[in-house]
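The structure under discussion appears below in the form of structure tokens.
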Amino acid sequence: MGIIIKPIVTEKMTAITDKFNNRYGFRVDPNANKLQIKKAIEEFYNVTVVDVNTVNYSGKNKSRYTKSGLINGKTSAYKKAIVTLKEGDIIDFYSNIQ
């Protein structure tokens, strides 16, 4: 599972999936291109991918005040892929949960 890191299951991504029944979001390897992402998802989930859109997110600087003083940090940068499947194909992320 080198290219696909994890599926994105957030409120915003769920709203997109509800609006367009065949779109799903994944956090992917930042060095992966669209063809590699398409191939990895088709092999892993046994579906047909029609389109892949990618978005690169840069890390943000964060700071907070504590008793011991100011703590500075940074959130990690990542790449997100929004995958459009063939009409009729679905991915069920919750099938293995008991």
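Atom OH of Tyr78 and atom CG of Asn56 lie 10.5 Å apart (nearest 0.5 Å). In this structure, Thr14 OG1 and Ile16 CD1 are separated by 9.0 Å, a value rounded to the nearest 0.5 Å. A distance of 9.0 Å separates CZ in Phe20 from OG1 in Thr84, rounded to the nearest 0.5 Å. To the nearest 0.5 Å, atom CD of residue Glu42 and atom NZ of residue Lys86 are 10.0 Å apart. With rounding to the nearest 0.5 Å, the separation of CD1 in Ile8 from OG1 in Thr10 is 6.5 Å. Considering CD1 of Ile37 and NZ of Lys79, their distance stands at 5.0 Å, rounded to 0.5 Å.
Grouping the Ile, Leu, Val, Met, Phe, Trp and Tyr side chains by contacts below 4.5 angstrom, directly or via other members, places Ile90 with Val52. Hydrophobic clustering (side-chain heavy atoms under 4.5 Å, transitive across Ile, Leu, Val, Met, Phe, Trp, Tyr) keeps Val28 apart from Met13. Hydrophobic cluster membership differs between Tyr24 and Tyr57, with clusters built from Ile, Leu, Val, Met, Phe, Trp and Tyr side chains linked at under 4.5 angstrom. Cluster membership for Ile4 and Val9, using ILVMFWY side-chain heavy atoms within less than 4.5 angstrom, is shared.
Counting only heavy atoms from C-beta outward, the side chains of Lys34 and Thr54 approach each other to under 4.5 Å.
The one candidate from Val50, Leu85, Val47, Asp89 that meets the side chain to side chain contact (heavy atoms under 4.5 Å, CB included) condition with Asn22 is Leu85.
Closest non-hydrogen pair, Ala32 versus Ile3, comes out as CB-CG2, 3.7 Å. Gly2 and Asp29 make their closest contact through O-CB, 3.9 Å (heavy atoms, listed as atom of the first residue, atom of the second, distance). Between Val49 and Lys38, the shortest heavy-atom contact is O-CE, 3.3 Å. When all heavy atoms of Ala77 and Gly59 are compared, the closest pair comes out as CB-N, 3.6 Å.
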So Arg27 and Lys80, side chain to side chain contact (heavy atoms under 4.5 Å, CB included) or not? Walk me through it.
CA-CA 5 Å; Arg27 191 166 175 173; Lys80 178 169 81 170; over 6 Å; no

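Ring geometry for Tyr45 versus Phe26: interplanar angle of 30 to 60°, hence tilted.
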